[in-house]
Amino acid sequence: MTALRLGTRRSALATTQSGWVADRLREAGHEVELVEITTEGDVSGELLTAIGGTGVFAAAIRRALLDGRIDVAVHSLKDLPTTPEPGLVVGAVPVREDSRDVLVARDGLTLGELPAGSVVGTGSPRRTAQLAALGLGVRIRPIRGNVDTRIGLVASGAVDAVVLARAGLARLGRLDEATEVLDPIQILPAAGQGALAVECRSDRHDVVSAVSVLDDPDTRACVVAERSLLAALEAGCTAPIGALAEVVEGDDGLELSLRGFVGSEDASVELRRSLVGPYDEPESLGRRLAQILLEDGAAGLDMTDHPTSGTGEPVAADPEHAPRQAPHQPEQVS
Ligand SMILES: NCc1[nH]cc(CCC(=O)O)c1CC(=O)O
């Protein structure tokens, strides 16, 4: 096999993630060449929920795979639509980072220490709905932009705090800027958060076999359960849904524990349920938990992708706040 062409977006997070996968493949004896891909989400300044959700990032990369311009693509799993793409396969789900969200607040504050009326920036309906459900009296301001931009909004005083994925900060080496790790009891992460998907063409058996060494079965089982929950709720990737699966020790060996949150951004609905099931049936576990959530009240909610309805003016990705990256490289909503 000649060098594997690994497609990557140009953002700091994307290149870090792709670089990590490239290094693992090189360790396994493969030659790897990085190929840069620009996506619609990278060039538009719109709120992501307004331009069709996070799928815009995955779509351009998937086209490059299908066209044969690249052999391998690395996605943040939480940004990958649950609908399978014909002709493509997730060849590996590497071991995942800590899946939790973190708070980055002014003056080292925690969520509980933020005074009522504080402004929390997030473009994620999932984070908005769960923050609202906590009843803290904070105001949500919709924002977008890459990690650097979002942290910059706290530094400049535009917002009092932002909520980010811990995994993103960890990969960028900026974990020390988090002021609190948010317990999933309060804020459940997005399905697949902290995990990567290594995607390739299903007819390229040489590539499928090369990337398979990166697969972590426990992580794969967990993210399959989480994504099955999302799919069974027929929810878009920007829906106000949280999901977290963990491998637990059962009476007869390993089992999967799955927790789910479904809510609305105005906190009029907030549902949390959990279920434990067999390790080797993650898909059914997700479907069964979705059924319970639907029966208990999620059925009436609109969970298709829709523009987020925060309480303040959107704060666009401001180039001034992102000195270390070009302004057209925002991260996705989640
Ligand atoms: N929503 C965009 C996005 N996609 C993946 C990550 C971080 C890494 C991950 O969750 O795997 C982030 C940043 C964030 O939500 O703060």
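Remember, it's 1-based here, ligands and their atoms both numbered in the order they're listed.
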Query - R150 heavy atom under 4.0 Å from ligand 1 - result: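 Contact present.
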Go through ligand 1 atom by atom and flag the ones less than 4.0 Å from a non-hydrogen atom of [X].
X    : answer
A165 : 7 (C), 10 (O), 14 (C), 15 (O), 16 (O)
L13  : 6 (C), 7 (C)
L164 : 16 (O)
R171 : 8 (C), 9 (C), 11 (O)
D79  : 3 (C), 4 (N), 5 (C)

**Report entry** Those residues that, when tested against D280, pass salt bridge (Lys or Arg N to Asp or Glu O under 4.0 Å) (two or more places apart)
**Finding:**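 Salt bridge (Lys or Arg N to Asp or Glu O under 4.0 Å) check on D280 returns nothing, list empty.
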Query raised in the report: Is a side-chain donor or acceptor of D101 paired with a backbone partner of P189 at a separation under 3.5 angstrom?
Result: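 No, the answer is negative, given that no donor and acceptor are paired below the 3.5 Å cut-off.
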Requested in this report: Give a yes or no on whether the backbone of L109 and the side-chain of T179 come within a donor-acceptor separation of less than 3.5 Å.
Outcome: yes
If the threshold is 4.0 Å, N to carboxylate O, is there a salt bridge linking [X] and [Y]?
X    : Y    : value
R26  : E31  : no
D183 : R100 : no
D148 : R174 : yes

Any N or O of [X] that comes nearer than 3.5 Å to an N or O of ligand 1?
X    : value
Q17  : no
V147 : no
R127 : yes

Query - S268: partners by side chain to side chain donor-acceptor pair (under 3.5 Å), with sequence neighbours left out - result: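 Testing S268 for side chain to side chain donor-acceptor pair (under 3.5 Å), a comparison that skips the adjacent residues, returns S264, D266.
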